[in-house]
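So you know, we letter chains A, B, ... as the sequences are listed, proteins then strands, and number each from 1.
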Amino acid sequence: MIGLVDCNNFYASCERSFNPALDGKPVIVLSNNDGNVVARSAEAKAIGIKMAQPVFQIRELIEAHDVRVFSSNYTLYGDMSARVMATLGRFVEDVEVYSIDEAFLDFSCYERQIGREEPADLVTLARQIRATVAQWTRIPVSIGIAPTKTLAKVANWLAKRDPACGGVRMLATEEQIHQALAGFDIAELWGIGHRYTARLRREGVRTALQYSRIPDDWLRDNLTVNGLRLAYELRGTPCRLLELESPAKKAICAAPSFSRPVGDLATMSQALATHLARASEKLRKQGSAASCVTVFLNTNRFRKSPNGELAKQYSNSQSVLLPHPSASSLELNHYAQAALKAIFRFGYFYQKVGVLLSGLVPTDHRQPGLFTDLPDERLAKLSAAVDRVNQRHGRDRVRLAAQGYDRTWAMRQEWLSRRYTTRWGEILFAK
DNA sequence: TCTGGGGTCCTAGGACCC
DNA sequence: TCTGGGGTCCTAGGACCC
């Protein structure tokens with residue numbers, strides 16, 4: 001059996017973890033730039049705040065219900081996630097960290113111990129896991145248990161919404177699975193988005209049970225091999241195995257929006273250098289070098305001109321193949337800036353400039369070009385030293401000159417909480 | 001005033017190879 | 001009149017995930 005542990009309202013729960021005064025209050029967390037709602041406590045959902053809703057649309061609701069609003073604090077959420085995952089690792093050897101707030105657990109070690117006659121013991125175990133995570137992190141979780149990952153997802157969805165479950169739901173017998181799928185909307189299935197939902201509804205398919213009975217050929221032809229795998233998983237045949245080693249990323253992207261419209265090349269250039277510094281830090285952290293740099297930019301598709309019409313739009317991108325794979329901020333920025341100059345047009349107000357590093361290869365397996373050498377080893381040492389300094393003393397303490405010191409374009413974070421767990425200066429004091 | 005960011009996988013079709 | 005068979009690689013576009 002496979003367990004899926006999913007943190008409830010994760011970002012909102014993280015904010016609560018170190019601030020008990022928020023218990024029982026509606027709490028929301030906003031996207032980068034304080035734009036949209038990306039997490040809601042149960043109380044916030046109850047008063048009708050929708051996922052991904054722009055925050056300016058719910059000003060009155062926030063006022064009326066004293067909603068506590070937070071900017072995204074990824075430093076805190078990332079660290080809290082690591083704590084939750086480490087807690088899960090105390091119970092089960094094989095944990096697949098699937099996302100910042102979800103993990104699959106392999107329960108087969110327990111099943112071998114207890115044999116087949118006592119399936120309910122997994123529910124008891126899951127309750128223990130739940131209680132321990134709550135005690136150690138103050139993060140509430142729901143746990144679904146079933147024979148396949150997809151069915152565990154279904155079980156988890158039910159565990160979250162049915163108060164009678166107490167946060168744990170197991171689908172073990174054929175009858176339990178059958179009954180759960182018969183009442184389960186295809187729109188909630190893992191791997192069925194809004195396009196496929198519409199397509200399937202036109203075919204008269206509404207429930208997961210109906211989906212599991214669609215002929216294989218139709219699924220293969222219309223929903224690709226993934227749609228077919230989904231059906232197999234619903235029928236109880238595992239097609240998605242636990243991935244215990246997280247594979248290296250194939251592309252790394254950094255493209256946060258500006259806090260305000262930006263029209264000048266100098267500011268765009270500083271923002272690009274800053275995004276590139278973020279992306280190349282990630283690149284070095286996973287031990288990769290990039291062989292291609294892509295720069296892209298776009299205007300704001302919602303922006304209106306003074307006369308009320310949509311402002312004129314422009315977006316473009318350019319990719320540069322490097323003479324050799326590189327992980328040096330200095331070198332990557334050199335090519336990125338050239339690409340920016342090539343696509344930048346005066347007369348527009350831009351919403352963002354972004355960078356994508358791709359063609360990633362392991363740094364120690366780089367192949368030199370036929371007519372070029374590998375980059376100077378000193379560049380790699382320099383990057384490593386800069387990363388160490390910044391890790392210890394704070395982001396961008398040592399930076400590319402091209403990044404500049406003007407941060408007026410940087411994203412809004414009006415309601416940022418403290419980094420309780422990762423900065424000595426922001427640690428919580430108990431009176 | 002104000003509308004997110006960062007990823008993965010699959011497929012069809014075109015170009016190419018012997 | 002008659003024009004093969006079996007492949008690989010790349011890309012754009014579309015779908016999905018959290």
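- When only modelled atom types and interatomic distance are considered, Glu60(A) and His65(A) share no side-chain donor-acceptor pair under 3.5 Å.
- Mapping Asn226(A) and Val55(A) onto DNA chain B via the closest heavy atom, the residue that lands nearer the 5' end is Val55(A).
- Across all strands, Arg220(A) comes closer than 4.0 Å only to sugar-phosphate atoms, never to a base (heavy-atom distances).
- Mapping Arg301(A) and Thr224(A) onto DNA chain B via the closest heavy atom, the residue that lands nearer the 5' end is Arg301(A).
- Between Phe344(A) and Tyr350(A), the distance from one ring center to the other falls under 6.0 angstrom.
- Listed by residue number, the members of residues 251-283 of chain A with any heavy atom below 4.0 angstrom from DNA chain B are Ala251(A), Ile252(A), Cys253(A), Ala254(A), Ala255(A), Pro256(A), Ser257(A), Lys282(A).
- Nucleic acid contact for Asp101(A): sugar-phosphate only, since backbone atoms but no base atoms lie under 4.0 Å from a heavy atom of the residue.
- Just one of Arg40(A), Glu43(A), Arg16(A), Lys45(A) meets the side-chain hydrogen bond (donor to acceptor under 3.5 Å, both in side chains) condition when paired with Asn9(A); it is Lys45(A).
- Side chains of Arg419(A) and Asn73(A): a donor-acceptor N/O pair is absent below 3.5 angstrom, by distance only.
- Nucleic acid contact for Leu223(A): none, since no nucleic acid atom lies under 4.0 Å from a heavy atom of the residue.
- Using a 4.0 Å heavy-atom cutoff across all strands shown, Leu189(A) reaches sugar-phosphate atoms only and no base atom.
- Within the nucleic acid shown, Glu414(A) has no heavy atom closer than 4.0 Å to any nucleic acid atom.
- Nucleic acid contact for Glu102(A): sugar-phosphate only, since backbone atoms but no base atoms lie under 4.0 Å from a heavy atom of the residue.
- Partner of Trp190(A) under the ring-ring contact (aromatic ring centres under 6.0 Å, His included) criterion, chosen from Trp157(A), Phe104(A), Tyr211(A): Phe104(A).
- Between the side chains of Gln337(A) and Ser269(A), a donor-acceptor pair is found at a separation under 3.5 Å.
- The outermost nucleotides of DNA chain B lying under 4.0 Å from heavy atoms of chain A, listed 5' to 3', are dC2(B) to dT11(B).
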* To do: Begin from the C-alpha positions of Asp79(A) and Arg423(A) and carry the test salt bridge (charged side-chain N to carboxylate O under 4.0 Å, His left out) through to its verdict.
  => CA-CA 11 Å; Asp79(A) 191 62; Arg423(A) 289 285 151 194; over 6 Å; no
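- With 3.5 Å as the limit, one finds no donor-acceptor pair spanning the side chains of Gln53(A) and Asn36(A).
- Separating the P atom of dC18(C) from that of dT3(B) is a span of 25 Å, rounded to the nearest Å.
- The closest side-chain donor-acceptor pair between Thr132(A) and Arg90(A), if any, does not fall under 3.5 angstrom.
- Residue contacts for Asn32(A): at a heavy-atom cut-off of 4.0 Å it reaches the sugar-phosphate backbone alone, with no base atom in range.
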